[in-house]
Amino acid sequence: MIEKGRLIVVSGPSGAGKSTVVFKAINGRDKMCFSTSVTSRKPRPGEVDGREYFFIDAARFEQMVQNDELLEHAVYVGNYYGTPRKFVEDKLSAGESVFLDIEVQGARQVKEKMPDAIMIFLIPPSLGELKKRLESRGTETEETIKGRLARAREEYAEADFYDYIVVNDDIDTAANELLSILTAEKCRFAARRQMLQE
Ligand code: ADP
Ligand code: 5GP
């Protein structure tokens, strides 16, 4: 039996380690992929167009929204972010599981459109540790770090619609928890009911 791909939404404060943990989890695994978003944010040093994001300007972003090319989109600390719809739909129909690293407003839109999506909230062990990680990543000004920490507190207050919380203290443990959630979801009775037909 071909098992359907699943959509996995991973949200959590900027700097919690979402991209680190998601890439650790999918690295070298078949039938799992990451959806690269579009953003109007400027690339950070070391970021490559088409790898971390597709970097586009605000006008092109607005055009994509008009053309209904985005599965979801949001403004986060002054920049646009969105998930290209076609990539996600193509991969899911090919049986691949697709990870989205998106913030809370976009995650809410995905849950409404695709209620089967697995909703995971990934957090650092503490907000103090979050500040340290944002500082050590070395990509943000003090002003942006403040904005991101303020947004983290707001996101915690809005996060009650997620299905799971993963605490990213140790990267390997967090990546294993992510994969274990996916495994358990695949074993759900409802997902495998048709196996009982034989
Ligand atoms: P996000 O995608 O949530 O914004 P990143 O994956 O960019 O976060 O991680 C933010 C910073 O924290 C990076 O410098 C990363 O190397 C570091 N980091 C990620 N996970 C851990 C962890 N478990 N322990 C310590 N540092 C971590
Ligand atoms: P960063 O600028 O640190 O890369 O990302 C800032 C925030 O935007 C993070 O919370 C990240 O999850 C979120 N984000 C990245 N891509 C998307 C997207 O396509 N849609 C939405 N809604 N949020 C996104």
Side-chain angles (χ1 to χ4, degrees), residues 7-27 34-56 61 64-65 69-88 98-114 117 119-141 143-156 158-159 161-162 165-178:
L7 187 61
I8 304 114
V9 172
V10 181
S11 304
S14 174
K18 297 180 297 296
S19 58
T20 306
V21 172
V22 168
F23 278 101
K24 183 91 194 178
I26 67 180
N27 186 28
F34 175 71
S35 158
T36 304
S37 297
V38 289
T39 183
S40 63
R41 161 166 89 57
K42 295 279 171 280
R44 298 178 183 130
E47 285 185 331
V48 175
D49 187 41
R51 191 179 64 191
E52 284 83 2
Y53 287 100
F54 295 106
F55 295 99
I56 60 177
F61 192 99
M64 289 184 84
V65 174
E69 289 174 66
L70 300 179
L71 177 63
E72 60 71 37
H73 61 93
V75 174
Y76 179 93
V77 195
N79 292 300
Y80 287 131
Y81 295 83
T83 302
R85 174 197 301 284
K86 189 171 183 320
F87 176 87
V88 173
V98 183
F99 284 82
L100 305 185
D101 167 351
I102 64 175
E103 54 65 69
V104 172
Q105 308 159 73
R108 215 182 266 283
Q109 296 166 39
V110 172
K111 190 177 162 87
E112 269 164 32
K113 286 185 189 163
M114 301 169 109
M119 310 296 297
I120 301 175
F121 200 64
L122 185 140
I123 58 173
S126 68
L127 290 178
E129 173 65 18
L130 180 66
K131 185 162 183 276
K132 267 194 220 150
R133 287 187 193 169
L134 281 169
E135 285 164 355
S136 74
R137 191 165 67 183
T139 54
E140 249 72 39
T141 62
E143 197 54 31
T144 333
I145 290 180
K146 268 197 200 142
R148 282 165 185 258
L149 285 171
R151 185 63 197 133
R153 288 179 191 280
E154 290 169 4
E155 289 199 328
Y156 279 20
E158 293 166 21
F161 65 96
Y162 287 83
I165 291 179
V166 169
V167 180
N168 176 25
D169 193 351
D170 172 70
I171 297 170
D172 288 325
T173 308
N176 280 332
E177 287 192 359
L178 218 60

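One-based numbering, in listed order, for ligands and for the atoms of each. This one's a predicted model, so the numbers in the text were calculated from it and none came from an experiment.
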According to the interplanar angle, ranging from 0 to 90°, do the rings of H73 and F61 count as parallel (below 30°), tilted (30 to 60°) or perpendicular (above 60°)? perpendicular
Do the ring planes of Y76 and Y81 sit parallel (below 30°), tilted (30 to 60°) or perpendicular (above 60°)? perpendicular
Interatomic spacing from CD1 in I123 to CD1 in I165 - rounded to 0.5 Å: 5.5 Å
Is there a heavy atom in G138 that sits closer than 4.0 Å to ligand 1? no
Nearest heavy atom to atom 13 (C) of ligand 1: which of E140, K132, R137, E129 does it belong to? R137
Judged on heavy-atom distance to atom 21 (C) of ligand 1, which of R133, R44, E52 sits nearest? R133
Counting only heavy atoms closer than 4.0 Å, does ligand 1 sit against the backbone of A174, its side chain, both, or neither? neither
Hey, is L134 touching ligand 1 through its side chain, its backbone, both or neither, going by heavy atoms under 4.0 Å? neither
Sidechain-backbone polar pair: E72 side chain, A107 backbone, donor-acceptor under 3.5 Å: no
Is there a donor-acceptor pair under 3.5 Å between the side chain of K18 and the backbone N or O of L122? no
Would you check whether R148 reaches within less than 4.0 Å of ligand 2, judged by its heavy atoms? yes
Please list, in number order, the atoms of ligand 2 under 4.0 Å from a heavy atom of R41. 1 (P), 2 (O), 4 (O)
Nearest atoms (heavy-atom pairs only) where A175 meets K24: CB-CG, 3.7 Å
Where on R44 is there a heavy atom closer than 4.0 Å to ligand 2, on the side chain, on the backbone, on both, or on neither? side chain
